[in-house]
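Because the structure is a prediction, the values reported are computed rather than measured.
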Amino acid sequence: MLKWGKRILMTAIIGLLLVTALVYGLLSLSLPTLDGRGSSDAIESTVTIKRDALGQAIIDAQSMNDAAYGLGFAHGQDRFFQMDLLRRNSAGELSELFGEAALELDKKMRFHQLRQRSERIFAQLPKSQQTLLSSYSRGVNEALQAQSLKGFEYLLTGAEVTPWQPEDSLLVIYSMYLDLQAGTFDRDMVLEQIEQLYSAQMREFLTQPSPYQSALDGSEINLKELAIPMLSAANLTASVPEIIASREVGSNNWAVSGELTSSGQPMVADDMHLGLAVPIIWYRAQLNIADIQVTGVSLPGAPAIVVGSNDNIAWGFTNAYVDTSDWVRLNADAKLETVQETIAIAGGKTYEYRFLMSDYGPVQKVSGQRYALSWVGHYDYAVNLDLAELATASSVTQAFQIADDAGMPVQNLMVVDKQGQIGWQPMGAIAARTNPSDIALAAEEFQSDWSHNEPQRPRVMNPNSGRLWSANARVISTQEHARLGDGGYALGPRQQQIRDRLFAQNTFDEQAFLALQLDNEARFLSKWQALLVATLKEQGSTQNLALVEQWQGCACADSIGYTLVRYFRSAVMDTLFADIEARLAEHELSLGPIKRNLEPATWQLLDNPSVWGFADKQQLLSKSFNLALARLRSKFGEDTANWRWGNVNAMELKHPFAKQIPQLGSWLNMPKVEAFGDSFMPAVQRTDFGASQRFIAQPGRLEQAIMAIPGGQSAHPLSAFYRAGYEQYATHQATPLLPGAPEHRLEIRPAR
């Protein structure tokens with residue numbers, strides 16, 4: 001009997017090994033070919049695609065169109081499923097892959113009709129840009145055709161591969177629009193409902209100007225303590241919902257003149273803060289086009305270097321957060337028509353989605369009132385390929401000229417050139433209307449200038465200080481602010497800390513800039529730490545008091561005190577604004593989109609808690625701290641050792657398949673890394689959010705330039721490039737911008 005048991009066990013083990021070998025073998029067949037020769041009738045001259053040890057694509061071509069073909073081929077080999085998800089996301093076509101689980105998201109996207117808009121805009125683009133997109137599309141599709149087996153994601157899901165179309169690249173740009181600007185829609189609707197449910201006084205109280213201002217011209221919006229609006233008596237024993245703050249999707253960038261660098265050349269730094277997952281957002285590439293060489297990161301799905309340098313200029317972006325949308329309050333007699341969208345669902349089913357369309361945009365009903373959304377993304381100037389022209393720009397002035405008409409989500413362009421100039425200017429779509437509003441407009445207030453891109457752009461070039469900075473807070477003057485509006489600016493301490501660091505020294509090199517990108521000093525939270533120390537002394541909580549007093553003043557991995565301060569701040573806000581949050585929840589809304597802006601109102605209430613019915617300030621603060629402790633115990637257990645910030649905020653980059661099937665995690669996810677940053681400081685890092693790249697460059701000295709990204713080039717888990725570069729990023733190494741020696745070479749010749 002024992003022998004039979006051993007035989008059965010051995011048979012099972014052998015069977016498992018055979019199945020594993022079969023699966024491994026099939027997946028290996030879906031790896032792309034990186035070496036050899038091929039031909040194509042889509043190119044004019046030979047295109048060579050090389051890859052270095054990190055998998056960085058090095059594309060040699062004789063024309064921009066042929067380079068676009070090569071980049072498309074590389075993207076198609078390494079990231080096609082990601083590209084497919086991006087186009088399907090913005091078009092509202094994910095249900096075709098994932099079934100009814102994606103239906104609600106698809107309905108949300110169909111509201112914007114971005115598939116139709118992309119097709120219309122493509123037909124209106126200059127012929128040169130149409131040709132560029134077509135060349136890129138041919139490269140993507142020929143890469144797919146060259147594979148012996150379709151990508152592993154399609155093997156696992158059983159989905160069909162749909163060829164890439166030129167207008168799909170515009171959908172990819174729209175996907176970035178939604179990531180960067182959808183929060184503005186939510187913010188304005190929340191403020192509209194606060195005014196409707198309470199008063200204009202309440203809205204103004206909750207959105208007081210930030211005390212952490214650092215505009216480039218030094219201008220400040222006047223701070224004045226507003227009267228606290230009346231609110232029904234608070235109940236300290238009631239449950240307090242957690243207000244989940246919206247992600248501060250944005251970035252840091254800054255520049256200094258040559259007078260402030262050890263080399264005498266100007267230098268720029270850029271780290272874009274976005275969601276972090278597997279595969280990563282960006283794709284490292286170098287395009288060698290005749291006498292032009294441009295190196296940086298590209299967005300799979302689009303034929304452009306998004307951030308990088310051509311050795312004449314170097315540039316980067318942060319989300320500008322000027323106001324790019326307005327809700328319009330519709331009258332009862334507004335002219336409306338019903339739009340019907342057919343959504344395909346996996347398995348052959350369909351869903352008919354209907355919504356109303358007005359002259360101002362698509363319509364949403366909230367609290368019985370109909371509102372239309374006017375958003376730059378709905379207009380034809382929203383998208384074009386002008387961004388790709390930065391690859392050939394030779395000066396800051398020329399970069400500004402390109403920026404004036406670029407169709408992309410509006411960004412703070414930070415650029416330096418080899419001649420010694422530095423500059424900042426908004427780049428991307430801005431409505432030319434002059435009355436941006438935080439709340440809904442009456443129909444008669446709507447301006448026809450919405451249909452035009454704003455021609456008058458603020459800019460700063462070669463400031464006397466030799467320093468420029470932006471980090472999603474207001475950088476424009478107060479005068480320009482009145483014209484361009486507030487699209488959800490960051491509170492400002494991160495930007496202020498960067499500015500202060502730049503003025504704290506007079507000589508910089510790449511390592512000094514990298515240190516600033518990794519600056520995790522908790523300046524902003526020091527006021528909250530002092531408040532918590534006072535609260536714990538009043539409580540007599542000796543153990544917690546010691547932890548908070550020894551918090552180290554940074555988002556450091558081994559600090560438990562930092563975690564306590566961080567959770568305390570959030571709990572205080574949740575407690576103070578619980579009644580408003582509960583009332584908004586009745587209308588499927590939340591204070592989340594404006595939580596970071598509640599800071600001034602919070603401190604005013606802490607000085608006057610009785611106005612909202614909190615008779616005892618100490619009781620309020622003690623309740624809040626106990627709430628913070630309860631949340632930590634619920635998430636991380638009773639052992640306070642698990643409350644170390646490094647564990648609480650550990651970086652975890654997960655593959656979407658592993659989120660659905662956790663057993664795949666060890667195979668698909670990146671290794672978990674202890675936290676090294678947080679919000680409100682230059683080193684932005686949350687569990688699945690943070691610096692999607694770190695870039696530092698001086699034109700003319702690119703051999704010293706840095707480009708670190710949190711993951712590998714390839715989305716295939718069996719590829720040598722799946723995790724290449726992740727360890728360097730996670731351990732804060734200065735990964736070079738320029739590629740290393742090629743290890744693979746694929747040559748594609750003209751078929752004719």
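- For Gln505, the CD atom is densely surrounded, since the number of other residues' heavy atoms within 6.0 Å is greater than 12.
- A 4.5 Å side-chain heavy-atom check between Gln698 and Glu510 finds at least one atom pair inside the cut-off.
- Pairing each heavy atom of Ser590 with each of Ile243, the nearest pair is OG-CG2, 4.2 Å.
- Between Asp311 and Arg701, none of the side-chain N atoms (NZ, or NE/NH1/NH2) sits under 4.0 Å from a carboxylate O, so this pair counts as no salt bridge.
- Taking the six-membered ring where tryptophan is involved, the planes of Tyr177 and Tyr174 are tilted, since the angle between them lies from 30° to 60°.
- The aromatic rings of Phe636 and Tyr567 sit perpendicular to each other, their planes meeting at more than 60°, with 30° as the lower class boundary.
- For the pair Arg467 and Phe503, the cation sits on the ring face: its NZ or CZ lies under 6.0 Å from the ring centre, inside 45° of the axis.
- Residues passing the salt bridge (Lys or Arg N to Asp or Glu O under 4.0 Å) test with Asp417: none are found, sequence neighbours excluded.
- Between atom CG of residue Asn472 and atom CG of residue Asn252 there is a gap of 7.0 Å, rounded to the nearest 0.5 Å.
- Side-chain N/O atoms of Asn647 and Glu674 include no donor and acceptor closer than 3.5 Å.
- Looking at heavy atoms from C-beta onward, Leu484 lies in side-chain contact with Ile430 at the 4.5 angstrom threshold.
- With sequence neighbours left out, Glu389 forms a salt bridge (Lys or Arg N to Asp or Glu O under 4.0 Å) with no residue at all.
- Between the side chains of Ser214 and Gln495, a donor-acceptor pair is found at a separation under 3.5 Å.
- For the atom pair NZ of Lys595 and CG of Leu598, the computed distance is 8.5 Å after rounding to the nearest 0.5 Å.
- A salt bridge (charged side-chain N to carboxylate O under 4.0 Å, His left out) check over residues 268-282, counting only residues at least two apart or in different chains, returns nothing.
- A side-chain donor-acceptor contact under 3.5 Å links Trp528 and Glu599.
- No hydrogens or angles considered: a donor-acceptor pair under 3.5 Å links the side chains of Gln411 and Asn319.
- Using a 3.5 Å distance cut-off with no hydrogens or angles, the side chains of Asp509 and Ser262 do not pair a donor with an acceptor.
- With hydrogens and angles ignored, the 3.5 Å screen pairs no side-chain donor or acceptor of Asp323 with any backbone N or O of Gly485.
- No hydrogens or angles considered: a donor-acceptor pair under 3.5 Å links the side chains of Gln181 and Thr324.
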Exercise. Side chain to side chain contact (heavy atoms under 4.5 Å, CB included) between Arg499 and Arg494: does it pass, once the steps are laid out?
Worked result: CA-CA 9 Å; Arg499 179 203 63 186; Arg494 171 165 52 94; over 6 Å; no
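- The heavy-atom pair separating Arg566 from Phe680 by the smallest distance is NH2-CE1, 4.4 Å.
- How far CG of Asn597 is from CG of Leu491: 6.5 Å, rounded to the nearest 0.5 Å.
- Counting non-hydrogen atoms of neighbouring residues, nucleotides and ligands closer than 6.0 angstrom, the NZ atom of Lys659 exceeds 12 such neighbours.
- A heavy-atom distance below 4.5 Å is found between the side chains of Arg284 and Ile709.
- Side-chain atoms of Trp645 come within 3.5 Å of backbone atoms of Gly677 as a donor-acceptor pair (strictly under, hydrogens ignored).
- Ring centers of Tyr136 and His75: under 6.0 Å apart, within the cut-off.
- Rounding to the nearest 0.5 angstrom, the gap separating the CG atom in Leu71 from the CD1 atom in Ile59 is 4.5 Å.
- With respect to the salt-bridge test (charged N to carboxylate O, under 4.0 angstrom), the residues Arg686 and Asp678 qualify.
- Contact record, Ser210 with Tyr212: OG-N, 2.9 Å, taken as the closest heavy-atom pair.
- Between Phe676 and Gln685 the shortest heavy-atom distance is N-OE1, 2.9 Å.
- Side-chain N/O atoms of Gln713 and Asp78 include no donor and acceptor closer than 3.5 Å.
- Within the cation-pi definition used here (under 6.0 Å to the ring centroid, within 45° of the axis), Arg51 does not qualify as a partner of Phe721.
- Residues Gln265 and Ser263 bring no donor and acceptor atom of their side chains to less than 3.5 Å of each other.
- Scanning all heavy atoms of the two residues, the minimum distance from Ile305 to Leu287 falls at CG1-CD1, 4.1 Å.
- Within the 4.5 Å cutoff, side-chain heavy atoms of Leu178 are placed close to those of Ser90.
- Remark: the Thr731 side chain and the Gln733 side chain contain an N/O donor-acceptor pair separated by less than 3.5 Å.
- Under the 6.0 Å cut-off for aromatic ring centres, His716 and Tyr722 do not qualify, their centroids lying 6.0 Å or more apart.
- Atom CG of Asp168 and atom CZ of Arg88 lie 9.5 Å apart (nearest 0.5 Å).
- Inspection of the Arg501 and Gln496 side chains reveals no N or O donor paired with an N or O acceptor under 3.5 Å.
- Between Ala393 and Asn312, the shortest heavy-atom contact is O-CB, 4.0 Å.
- One side chain, Arg474 or Gln213, offers a donor N or O that lies under 3.5 Å from an acceptor on the other.
- The distance from atom CE of Met414 to atom CD of Gln425, rounded to the nearest 0.5 Å, is 12.0 Å.
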Problem set entry | Verdict with reasoning, Val294 to Ser309, per side chain to side chain contact (heavy atoms under 4.5 Å, CB included) | CA-CA 6 Å; Val294 57; Ser309 176; over 6 Å; no
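- Defined by atom type and a distance below 3.5 Å, a donor-acceptor pair is missing between the side-chain atoms of Trp469 and Asn253.
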For this session: Show your reasoning for whether side-chain hydrogen bond (donor to acceptor under 3.5 Å, both in side chains) applies to Gln497 and Asp519.
Result: CA-CA 9 Å; Gln497 192 162 327; Asp519 178 12; 3.0 Å; yes
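- Contact check for Arg723 versus Pro671: side-chain heavy atoms found under the 4.5 Å cut-off.
- Side-chain atoms of Tyr562 and Val565, non-hydrogen and from C-beta on, never get closer than 4.5 Å to each other.
- Within the 4.5 Å cutoff, no side-chain heavy atoms of Trp254 are placed close to those of Thr318.
- Side-chain contact between Leu525 and Met681 is absent, with no heavy-atom pair separated by less than 4.5 Å.
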